Amino acid sequence: MERCISVFIALFVSNSFLLEVSSQWHSRKSFAFKKFKKFSWDNCGKPDDPIYVKTVHVYPNPIPSPGYVLASASANISIILHSALPANLTLEREVAGAWVKIPCVDDLGSCYYPDACERLAQLFRALTGLCIDCPFKAGDYVWPSSGIYIPNFLLSDRLTNFRLQIILGNTEKELGCLKVNFSVASGLHDQHNEM
Ligand SMILES: *[C@@H]1O[C@H](CO)[C@@H](O)[C@H](O)[C@H]1NC(C)=O
Ligand SMILES: *[C@@H]1O[C@H](CO)[C@@H](O)[C@H](O)[C@H]1NC(C)=O
Ligand SMILES: *[C@@H]1O[C@H](CO)[C@@H](O)[C@H](O)[C@H]1NC(C)=O
């Protein structure tokens with residue numbers, strides 16, 4: 001139960017990566033190393049939003065694909081969240097210095113989920129085997145440091161910068177907002193193939 005909110009974030013992020021495989025953006029190869037953007041995050045909601053993320057840690061950075069990361073997070077929920085938990089994701093990748101929005105394809109990418117609660121509870125149960133049900137209760141949620149396998153996303157560039165915004169709730173009632181910057185290093189295990 002406590003791991004839920006941070007697992008949301010991790011799952012959204014990793015779901016979004018998978019889009020890369022299916023969409024095959026462009027075949028342009030970048031031979032120059034782009035500037036690596038440090039992993040960073042921040043709450044972007046109002047001070048009285050009921051969901052407040054307290055910590056997010058991901059190691060190492062850039063995130064290797066394929067590879068393993070250690071991730072942990074904590075958040076604080078001040079009200080009981082009703083079972084309808086809308087989530088609005090905006091995922092962008094940096095292409096030639098500009099941010100390009102990754103569209104929602106097959107429920108992955110910059111997607112709007114009218115009710116993310118049950119979807120995420122299901123994913124959480126599948127991943128951990130723990131029982132979690134909607135609505136999520138008020139309290140402090142801690143996701144202890146866990147190893148997560150990051151598959152090979154077949155990104156066309158060796159280093160890709162991403163930024164992700166997750167808005168929970170809707171325009172009438174915002175529940176929380178999180179922004180994350182992260183970079184993905186791809187193909188570190190077979191660099192000779194890039195050239
Ligand atoms: C993301 O990185 C940019 C600079 O690259 C910075 O201005 C911004 O504050 C960062 N956002 C977060 C949420 O850390
Ligand atoms: C959320 O965190 C704040 C500050 O750390 C604390 O005062 C508040 O009691 C917490 N709320 C819940 C529901 O745990
Ligand atoms: C989702 O967020 C984006 C960017 O903030 C916004 O343009 C869009 O209108 C939002 N969609 C919904 C359904 O709230």
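Worth knowing before you read on, the calculation uses all heavy atoms, side chains too, and leaves out hydrogens, waters and symmetry mates. Atoms within each ligand, like the ligands themselves, are counted from 1 in listed order. Everything numeric here is computed off the predicted structure, so don't read it as measured data.
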K.L.:
Could you tell me whether K101 and E92 have a side-chain N and a carboxylate O separated by less than 4.0 Å?
P.N.:
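Result for this pair is no, no salt bridge flagged.
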K.L.:
Any protein heavy-atom neighbour for atom 14 (O) of ligand 1 (distance below 4.0 angstrom)?
P.N.:
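When distances to the protein are checked, atom 14 (O) of ligand 1 has a heavy atom within 4.0 Å.
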K.L.:
To which protein heavy atom is atom 1 (C) of ligand 1 closest, and what is the distance rounded to 0.1 Å?
P.N.:
N181 ND2, 1.5 Å
K.L.:
Check each atom of ligand 1 against the heavy atoms of D42 and keep those under 4.0 Å away; list them by number with element.
P.N.:
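Near D42, the atoms of ligand 1 are 13 (C).
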K.L.:
Which residue owns the protein heavy atom closest to atom 9 (O) of ligand 3, what's the atom, and how far is it?
P.N.:
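Protein heavy atom at minimum distance: N88 ND2, 4.8 Å.
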K.L.:
If you look at every heavy atom in P135 and C117, which pair is closest and at what distance?
P.N.:
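In terms of heavy atoms, the two residues are closest at CA-SG, 4.5 Å.
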K.L.:
My question is simple, although I want it checked carefully: is atom 7 (O) of ligand 3 less than 4.0 angstrom from any protein heavy atom?
P.N.:
no
K.L.:
Determine, counting only non-hydrogen atoms of the protein, whether one lies under 4.0 angstrom from atom 11 (N) of ligand 1.
P.N.:
yes
K.L.:
Only heavy atoms of Q165, strictly under 4.0 Å: list the atoms of ligand 3 that pass.
P.N.:
5 (O)
K.L.:
With a 6.0 Å cut-off on the ring centroids, do Y68 and Y149 count as close?
P.N.:
yes
K.L.:
For residues W41 and L178, report the shortest heavy-atom separation together with the two atoms involved.
P.N.:
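Nearest heavy atoms, W41 then L178: CE3-CD1, 3.6 Å.
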K.L.:
Within a distance of under 4.0 Å, is there any protein heavy atom near atom 4 (C) of ligand 1?
P.N.:
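No, no protein heavy atom sits under 4.0 Å from atom 4 (C) of ligand 1.
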K.L.:
Can any side-chain N or O of S183 pair as donor or acceptor with the backbone N or O of N161 at less than 3.5 Å?
P.N.:
no
K.L.:
Take T90 and S110 through the test side chain to side chain donor-acceptor pair (under 3.5 Å) and record every step on the way to the result.
P.N.:
CA-CA 4 Å; T90 306; S110 301; 5.3 Å; no
K.L.:
Mark up the atoms of ligand 1 that fall under 4.0 Å of a heavy atom belonging to K179, in ascending order.
P.N.:
13 (C)
K.L.:
Quick one: closest heavy-atom pair of T160 and L155, and the distance?
P.N.:
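That would be OG1-CD1, 3.8 Å.
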